[in-house]
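Here's the structure, in structure tokens; my notes come after.
Heavy atoms only: backbone and side chains are in, while hydrogens, waters and symmetry mates are out. One-based numbering along the sequence shown. Each ligand, and each atom within it, is numbered from 1 in the order the structure gives.
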Amino acid sequence: MAIPPSWIVKTGRSIWTQIWQLMMSQLAPPNDRGEYQRPQSEFRNRLDGIYAPEPNRYRLYVGWSCPWAHRTLVVRALKGLESSIEIVLVQGDANAGGWTLSKPEHGCNTLAQLYRFGKLGYTGRSTVPMLWDTQTYSIVNNESAEIIEILNSDFNDFASHPELDLAPIALQDSIEQWNEVVYETVNNGVYRCGFAQTQAAYDNAHIELFATLDRVNDLLASQDYLCGDLLTLADIRLFTTLIRFDLVYNHLFKCNRRRIRDYPQLQAYLSNIYQLPGVAATCNFSTILQDYYGNLFPLNPGGIIPQLPDMSYLRRVDS
Ligand SMILES: N[C@@H](CCC(=O)N[C@@H](CS)C(=O)NCC(=O)O)C(=O)O
């Protein structure tokens, strides 16, 4: 069998590149250097004013595959909020894009419709996680960084573990410093690699990502968590990206210098958090693989879903 003639290769390459650029610019809006710019979340209310903390009033819309939504699932589990804050799981739609509801709510079949039901005329992104108020039919907040702060501090009257404070005042500065670095270079850093639309944008994001992973790996040789000996929200934010790293980012997003299983300390850190009560149940590896590889069409046009990589280090018990 001969390889395709050069005119077919040239034509295919030119058409595909144009379609790829068009799809990528909508999926992942870039700046003029081809660097991915994540849009800001629009709903930023806190639990005050009309939104009083009450059990069984708020719902969290989440997708298994999303690292941002995963943060909220982990904090909900650690604080023991399962019986006061209901979860609604949404599914990624490979053809239409966006998230679909498994049963209609208020006449809505998709998350985008529910966003518009909550706010008439809304035209922004309809992302998970989203904290919904069932009393006023409105969106409280759709920024994971803030939802986890709300879950940590505002529902203590109904939590099974009110004593667990994942953001103690004494560690506030350290948490904020880590959040800034980890967001830019790791949480969003993997997306800056995977969604880069120029070589320079990718190279730069890749260097910054691994500089932080190397730094955190070294730090964890002498302490258990980012801010010392206590687990904080900064660790949860790092955890949900790291748990997806060997599964999807290492290959699909070209974050390929190392895997987490090549880092001794990061591996043990991930395993320790994974084994905290309730956390493993928030990690759905097959849906993560299926959604990233199946739904991000421009990154995987052939649609082949890889097998699960070896994640056995997660169950290793420290001696
Ligand atoms: N900054 C947001 C980002 C949330 C986000 O981008 N979620 C993705 C899933 S991983 C999403 O729902 N995307 C749908 C879209 O952009 O239309 C947060 O941290 O809550």
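The environment of Glu180 atom CD is sparse: at most 12 non-hydrogen atoms of other residues, nucleotides or ligands sit within 6.0 angstrom.
In terms of protein heavy atoms, atom 17 (O) of ligand 1 is closest to Arg125 NE, 3.4 Å. From the protein, the heavy atom lying nearest to atom 13 (N) of ligand 1 is Thr127 CG2, 3.7 Å. Closest to atom 1 (N) of ligand 1, if we only count protein heavy atoms, is Glu143 OE1, 3.0 Å.
Considering backbone and side-chain atoms alike, Val128 places an N or O below 3.5 Å from some N or O of ligand 1.
A cation-pi geometry, defined here as NZ or CZ lying under 6.0 Å from the six-membered ring centre and within 45° of its normal, holds between Arg38 and Tyr191. In this structure, Arg258 is positioned above the aromatic face of Tyr263, its NZ or CZ under 6.0 Å from the six-membered ring centre and within 45° of the axis.
Atoms of ligand 1 lying under 4.0 Å from any heavy atom of Asn142, numbered from 1 in the order shown and given with element: 20 (O). Using a 4.0 Å cut-off to heavy atoms of Cys66, the atoms of ligand 1 that qualify are 7 (N), 9 (C), 10 (S). Numbered from 1 in the order shown, with element, the atoms of ligand 1 that lie under 4.0 Å from a heavy atom of Ser41 read 1 (N), 2 (C). Atom numbering of ligand 1 starts at 1 in the shown order; those under 4.0 Å from a heavy atom of Arg38 are 3 (C), 5 (C), 6 (O). Counting atoms of ligand 1 from 1 in the listed order, those under 4.0 Å from a heavy atom of Pro129 are 20 (O). For ligand 1, the atoms sitting less than 4.0 Å from at least one non-hydrogen atom of Trp99 are 9 (C), 11 (C), 12 (O), 14 (C), numbered in the order shown with element in parentheses. Using a 4.0 Å cut-off to heavy atoms of Ser144, the atoms of ligand 1 that qualify are 18 (C), 19 (O), 20 (O).
Rounded to the nearest 0.5 Å, atoms CZ (Arg57) and CD (Glu86) are 15.0 Å apart.
Shortest non-hydrogen contact noted between Asn187 and Arg237 is ND2-O, 2.8 Å.
Neither side chain, Tyr292 nor Asn300, offers a donor N or O lying under 3.5 Å from an acceptor on the other. Checking Glu105 against Tyr61 by side-chain atom types alone, a donor-acceptor pair falls below 3.5 Å.
Under the 30°/60° scheme for interplanar angles, the aromatic rings of Tyr202 and His206 are found to be tilted.
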